[in-house]
Enquirer: 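Input: one structure, supplied below.
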Amino acid sequence: MHSAPIKRALTLAAVLAIACIPAQSAQAAGSGSAPVSNPFSTKAGKLAVTSCPETPISSGGIPRARQYLEAVVKCLDKSWSAYFAHAGRSYGKPVVQYFEEPASTVCGLRWPEHAAAFYCTDRRTLVFPLTGGWIEDRTDLYPFKVAAHEYGHHLQSVTGIRRSYEARARTDRAHQAELKRRYELQADCLSGVFIGSVWGSLSRTAADWTALLDATRASGDEDEYRSHGKGANRVHWLARGYRAGSPAACDTWSAPSAKVS
């Protein structure tokens with residue numbers, strides 16, 4: 001999700017994915033229906049610590065965004081496949097598409113305005129433009145986090161979260177915006193789980209982590225869009241996943257409304 005203005009672009013990463021998905025919140029539970037359940041069991045444990053060294057996004061003046069993202073996705077596939085195998089659950093990797101520039105259509109739909117990286121839920125496809133402020137000439141971990149966030153939406157699809165979310169939003173229209181934020185913030189948390197599991201191999205410092213939190217905070221919804229959560233809450237869930245190391249910690253569905261605003 002990147003184009004001008006960059007803040008709007010950052011805020012809308014995964015717009016296409018969320019457009020197809022709705023569900024229910026803890027507030028909606030007050031009306032007699034249960035919130036979307038968290039399928040990540042504490043019994044499955046943490047995401048295993050693995051190695052995922054970054055490749056350069058640019059080298060010798062040549063953009064290498066595709067190579068960078070391919071390496072990250074390969075690590076994501078390996079880590080989450082192992083997690084599901086350990087939990088005794090079936091798992092299918094996502095399809096991945098790369099575009100030098102935004103196309104007129106993608107996944108059978110019109111390319112969403114202002115969007116950069118996103119996930120097509122119906123086709124279980126990660127879509128990564130190789131240009132835009134989200135990835136071009138960046139030296140921070142933001143592209144790494146965006147890839148892990150979009151992959152989080154795939155995890156939500158294969159576990160049934162998306163399906164439950166969709167069903168609940170149809171019957172709880174009053175809370176659709178909040179439900180969308182719960183969905184997005186869970187993906188932030190899942191990205192934090194992955195980043196934490198590979199942190200030791202990233203050759204990054206505490207300053208790099210702080211820079212990632214700052215970039216994540218800047219991508220929050222402080223304006224009218226209100227789709228991904230305020231910057232402070234995006235940081236909260238990213239850091240929560242990073243510290244916990246377990247996707248079970250990413251239960252945004254039962255969190256108080258203030259934590260998903």
Side-chain angles (χ1 to χ4, degrees), residues 1-17 50-80 94 96-102 106 111-112 114-120 125-155 184 187-205 207-220 228 231 234-235 237-239 241-242:
M1 111 181 38
H2 285 60
S3 68
I6 189 170
K7 184 173 186 301
R8 174 179 291 183
L10 292 171
T11 306
L12 292 177
V15 162
L16 188 60
T50 56
S51 177
C52 189
E54 292 177 275
T55 63
I57 286 182
S58 179
S59 178
I62 301 173
R64 303 189 186 278
R66 177 162 182 159
Q67 292 94 322
Y68 180 93
L69 292 168
E70 285 176 337
V72 177
V73 171
K74 183 177 180 180
C75 293
L76 285 159
D77 284 339
K78 181 179 179 180
S79 291
W80 287 110
V96 187
Q97 293 185 339
Y98 301 94
F99 291 83
E100 292 293 338
E101 297 286 347
V106 62
W111 189 286
H114 305 302
F118 49 88
Y119 177 70
C120 298
T125 299
L126 295 166
V127 179
F128 293 118
L130 302 176
T131 56
W134 80 282
I135 194 166
E136 285 186 279
D137 300 319
R138 295 196 77 120
T139 59
D140 61 3
L141 274 168
Y142 191 73
F144 198 96
K145 182 262 181 182
V146 169
H149 171 103
E150 299 309 331
Y151 203 99
H153 288 316
H154 179 66
L155 301 175
E184 290 296 336
D188 276 341
C189 183
L190 292 170
S191 72
V193 170
F194 174 71
I195 292 171
S197 75
V198 299
W199 182 262
S201 67
L202 294 179
S203 299
R204 294 286 189 161
T205 67
D208 290 306
W209 175 246
T210 299
L212 176 59
L213 295 182
D214 289 342
T216 300
R217 186 177 292 105
S219 70
H228 285 56
R234 298 202 72 174
V235 165
W237 287 103
L238 173 67
Y242 176 88

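Numbers for residues simply follow the sequence, beginning at 1.
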Enquirer: Hey, could you give me the OG/CD distance between Ser58 and Gln67, rounded to the nearest 0.5 Å?
Expert: 10.5 Å
Enquirer: For the pair Phe144 and Phe194, name the ring-plane relationship: parallel under 30°, tilted 30 to 60°, perpendicular over 60°.
Expert: parallel
Enquirer: Tell me, please, which residues at least two apart from Asp77 pass salt bridge (charged side-chain N to carboxylate O under 4.0 Å, His left out).
Expert: none
Enquirer: Which of these passes ring pair (Phe, Tyr, Trp, His ring centres under 6.0 Å) with Phe99: Phe128, Trp111, Phe118?
Expert: Trp111
Enquirer: Working note: Asp140 + Lys145, criterion salt bridge (charged side-chain N to carboxylate O under 4.0 Å, His left out); need CA distance, chi angles, decisive distance, verdict.
Expert: CA-CA 10 Å; Asp140 61 3; Lys145 182 262 181 182; over 6 Å; no
Enquirer: If you measure only the distance, is there a donor-acceptor pair under 3.5 Å linking the side chains of Thr205 and Asp208?
Expert: yes
Enquirer: Does the side chain of Trp134 come within less than 4.5 Å of Pro143's, by heavy atoms?
Expert: yes
Enquirer: Is there a side-chain contact between Gln97 and Leu126 in this structure, where contact means two heavy atoms from C-beta onward sitting under 4.5 Å apart?
Expert: no
Enquirer: Could you check whether any side-chain N or O of Arg138 sits under 3.5 Å from a backbone N or O of Gly133, counting only pairs where one atom can act as donor and the other as acceptor?
Expert: yes
Enquirer: My understanding is that only residues two or more places apart in sequence, or in another chain, count here; which of them pass salt bridge (charged side-chain N to carboxylate O under 4.0 Å, His left out) with Arg66?
Expert: Glu70
Enquirer: Between atom CG of Leu141 and atom CD of Glu54, what is the distance when rounded to the nearest 0.5 Å?
Expert: 5.0 Å
Enquirer: Quick check: closest heavy atoms across Pro53 and Ser51, and the distance to 0.1 Å?
Expert: CD-OG, 3.3 Å
Enquirer: For Ser201 and Cys52, indicate whether the former's side chain and the latter's backbone hold a donor-acceptor pair under 3.5 Å.
Expert: yes
Enquirer: What closest approach, in Å, do Val72 and Ala147 show between heavy atoms, and which atom pair accounts for it?
Expert: CG1-CB, 3.9 Å
Enquirer: What are the two closest non-hydrogen atoms of Thr55 and Tyr68, and how far apart are they?
Expert: O-CD1, 2.8 Å
Enquirer: Would you check if Cys120 and Val127 make a side-chain contact, meaning some heavy-atom pair closer than 4.5 Å?
Expert: yes
Enquirer: Could you pull out the closest heavy-atom pair between His153 and Ala187, with the gap in Å?
Expert: CE1-CB, 3.6 Å
Enquirer: Quick one: closest heavy-atom pair of His154 and Tyr119, and the distance?
Expert: ND1-OH, 2.8 Å
Enquirer: I need the minimum non-hydrogen distance between Ile57 and Asp137, along with the two atoms involved.
Expert: CG2-N, 4.5 Å
Enquirer: At what distance, to the nearest 0.5 angstrom, does CG of Leu155 lie from CH2 of Trp80?
Expert: 5.0 Å
Enquirer: How many angstroms lie between atom CZ of Arg64 and atom CG of Leu69, to the nearest 0.5 angstrom?
Expert: 14.0 Å
Enquirer: Got Trp209 and Arg204 here, is their nearest side-chain heavy-atom distance under 4.5 Å?
Expert: no
Enquirer: Any heavy-atom pair between the side chains of Leu213 and Leu238 that's under 4.5 Å?
Expert: yes
Enquirer: Roughly how far apart are His228 NE2 and Ser219 OG, rounded to 0.5 Å?
Expert: 8.0 Å
Enquirer: Find the distance between CZ (Arg234) and OG (Ser191) and round it off to the nearest 0.5 Å.
Expert: 8.5 Å
Enquirer: Is the shortest side-chain heavy-atom distance between Thr50 and Cys75 below 4.5 Å?
Expert: no
Enquirer: Return yes if some donor-acceptor pair links the side-chain N/O of Thr131 with the main-chain N/O of Glu100 below 3.5 Å, else return no.
Expert: yes
